[in-house]
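Report on one structure; see the data block that follows.
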Amino acid sequence: MRSDRLKKGYDRAPARAMLRAVGFSDEDLRRPLIGIANTWIEIGPCNFHLRRLAAKVKEGVRAAGGTPMEFNTVSISDGITMGTEGMKASLISREVIADSIELVARGNQFDAVVALSGCDKTIPGTIMALARLDIPGLMLYGGSIAPGRFQGHDVTIQDVFEAVGAYAAGRMTAEELKELEDVACPGAGACGGQFTANTMATAAEFLGISPMGSASVPALNGEKDAVAIAAGELVMDMLARGTSARSVITRQSVENAIASVAATGGSTNAVLHLLAIAAEAGVELAIDDFDRISQQTPLLADLKPGGRFVAHDLYQAGGIQLVAQRLCAGGYAHGEA
């Protein structure tokens, strides 16, 4: 095991002594060490529930014979910082996330890594780190927020942004704007439309770096705990089979990810992030590839911001698996999707 360099042999007694101080037993240290990279923050809903989800991932790792070691990194909420100087920190945070996960994983010689993501930049940041490390690893997305209800219909944070303009133009009262603000985001989870977070979570499933069917399960849905436990078990299976991140992120899987963005009407930010992920994985990808693939891919999901439905609706209709099946059946995606 990679981690034997850290924990095995008489000369590693000081390291074992320090690890024992925080609760790890001899039996724990005989097992593979699995890094659990958490992007939990208390600032905003996208990542707020990831502490609980990380606990379930660790449960799955332990059940499958590994010893999980959780650590944290940073996150910047685009929805909160947008329109302020703070928004300039957002894209930079992607690089800091990737750097910090890589740093901790290399420093501690983890045998495998599960990275938890929630908002826009945490998804590509975690995947970029996994590609750099090229050890068994996967990304688990925290899931979408539930829609709010306002005047008899579902709403998302998009409606609040639009309401600001409506109020400024005199088409909405201050009381109506406040009412919408109070109900638009009813709990934890990432923004409910096919914005950057849900777009990249969808792409991650098609890349193969996230378990198929995991991302579309909403943040506070009762099935999410089981998804997290299964992710912990899956990374142990990847370790047993020697499946590394770069063996999963291939030219075919990247093209499938691009097709998933086009098929779901996803965010154009996917261009920026998939180019970066491909570069870290050593996959050749050019911006013209996005035009070529998008032109031959049908739009299959009528999702906000351009469509009518929210991410919860996609989950109830069959989730990303349904999109994958239709793309494969129509010859728009490679079979490995």
Side-chain angles (χ1 to χ4, degrees), residues 1-41 47 50-75 95-117 122 125-140 208-211 225 227-249 277 280-282:
M1 291 181 285
R2 281 166 49 91
S3 59
D4 284 348
R5 305 167 193 167
L6 187 84
K7 63 187 182 180
K8 193 172 182 179
Y10 76 92
D11 58 324
R12 301 308 304 160
R16 292 193 297 272
M18 295 185 74
L19 289 168
R20 191 168 287 109
V22 293
F24 293 105
S25 67
D26 287 340
E27 176 59 28
D28 291 332
L29 298 180
R30 278 192 284 269
R31 297 179 170 195
L33 302 186
I34 312 301
I36 311 298
N38 201 343
T39 57
W40 173 85
I41 56 170
N47 303 55
L50 294 185
R51 268 181 167 176
R52 176 184 59 77
L53 213 57
K56 294 299 179 180
V57 173
K58 291 191 285 185
E59 186 179 322
V61 168
R62 291 190 189 100
T67 296
M69 293 182 169
E70 185 179 356
F71 62 98
N72 219 76
T73 184
V74 302
S75 178
E95 313 308 315
V96 174
I97 291 161
D99 290 348
S100 59
I101 293 174
E102 179 190 15
L103 190 69
V104 175
R106 289 194 190 279
N108 292 284
Q109 297 292 300
F110 289 136
D111 298 296
V113 171
V114 177
L116 284 79
S117 69
T122 60
T126 52
I127 298 173
M128 289 163 65
L130 293 174
R132 287 182 195 172
L133 291 165
D134 197 29
I135 60 177
L138 60 87
M139 185 276 285
L140 179 64
I209 203 68
S210 288
D225 285 354
V227 167
I229 292 171
E233 295 171 340
L234 178 58
V235 80
M236 292 302 296
D237 181 62
M238 293 180 70
L239 178 60
R241 291 185 287 113
T243 305
S244 68
R246 289 191 198 176
S247 68
V248 171
I249 303 174
I277 290 168
E280 298 290 0

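What you see is a predicted model; the values in this text were computed from it and never measured. Just so it is clear, the values below take in all heavy atoms, side chains as well, and ignore hydrogens, waters and symmetry mates.
Scored by the side chain to side chain donor-acceptor pair (under 3.5 Å) test, Thr67 finds no partners at all (sequence neighbours excluded). Residues meeting the side-chain contact (heavy atoms from CB on, under 4.5 Å) test with Ala228, sequence neighbours left out: Leu53, Lys56, Val57, Leu140. In terms of the side-chain contact (heavy atoms from CB on, under 4.5 Å) criterion, residue partners of Pro136 (sequence neighbours excluded) are, by chain and number, Ala112, Met238, Leu239. Taking the side chain to side chain donor-acceptor pair (under 3.5 Å) definition, one finds that Glu95 meets it with nothing, sequence neighbours left out. Annotation: side chain to side chain donor-acceptor pair (under 3.5 Å) contacts of Ser247 (sequence neighbours excluded): none. Applying the salt bridge (charged side-chain N to carboxylate O under 4.0 Å, His left out) rule to Asp134 yields no partners; only residues at least two apart in sequence or on another chain are considered. Listed by chain and residue number, Asp225 satisfy the side chain to side chain donor-acceptor pair (under 3.5 Å) test with Arg52 (two or more places apart in sequence, or in another chain). By the side-chain contact (heavy atoms from CB on, under 4.5 Å) test, Asp99 is found to be paired with Arg132, residues two or more places apart in sequence or in another chain being considered. Residues meeting the side-chain contact (heavy atoms from CB on, under 4.5 Å) test with Ala105, sequence neighbours left out: Phe110, Val113, Leu133. Remark: Lys58 pairs with Glu70 by the salt bridge (charged side-chain N to carboxylate O under 4.0 Å, His left out) rule, at least two apart or across chains.
Although no hydrogens or angles enter the test, the distance criterion places a donor-acceptor pair under 3.5 Å between the side chain of Asn72 and the main chain of Trp40. Between the side chain of Thr122 and the backbone N or O of Thr39 there is no donor-acceptor pair closer than 3.5 Å.
For the residue pair Phe71 and Ala37, the shortest heavy atom distance occurs at CZ-CB, 3.5 Å. Among all heavy-atom pairs drawn from Arg62 and Pro68, the shortest one is CG-CD, 3.6 Å. When all heavy atoms of Ile209 and Gly137 are compared, the closest pair comes out as CD1-O, 3.6 Å. Annotation for Ala129 and Ala98: closest pair CB-O, 3.6 Å, computed over non-hydrogen atoms. Between Asn47 and Ser75, the closest heavy-atom pair is ND2-OG, 3.8 Å. In plain terms, the two heavy atoms of Gly107 and Leu6 that are nearest each other are O-CD1, 4.3 Å.
Side-chain contact between Ile135 and Ser244 is absent, with no heavy-atom pair separated by less than 4.5 Å. Annotation: side chain of Glu233 is not in contact with side chain of Val61 (no heavy-atom distance under 4.5 Å).
Of the inter-residue distances, the one linking Leu130 atom CG with Arg246 atom CZ reads 11.5 Å to the nearest 0.5 angstrom. Of the inter-residue distances, the one linking Phe24 atom CZ with Lys7 atom NZ reads 10.5 Å to the nearest 0.5 angstrom. How far CE of Met128 is from CD1 of Ile277: 7.5 Å, rounded to the nearest 0.5 Å. Taken from CG in Leu50 to CG in Asn38, the straight-line distance is 5.5 Å, to the nearest 0.5 Å. Rounding to the nearest 0.5 Å places CG of Leu19 at 5.0 Å from CE of Met69.
A donor-acceptor contact closer than 3.5 angstrom links the side chains of Arg241 and Thr243.
Applying the salt bridge (Lys or Arg N to Asp or Glu O under 4.0 Å) test to pairs two or more places apart or on separate chains, those with a residue in residues 11-29 are Arg20-Asp26, Glu27-Arg30, Glu27-Arg31. Listed by first then second residue, pairs satisfying side chain to side chain donor-acceptor pair (under 3.5 Å) with a partner in residues 105-114 read Ser3-Asp111, Arg5-Gln109, Glu102-Arg106, not counting sequence neighbours.
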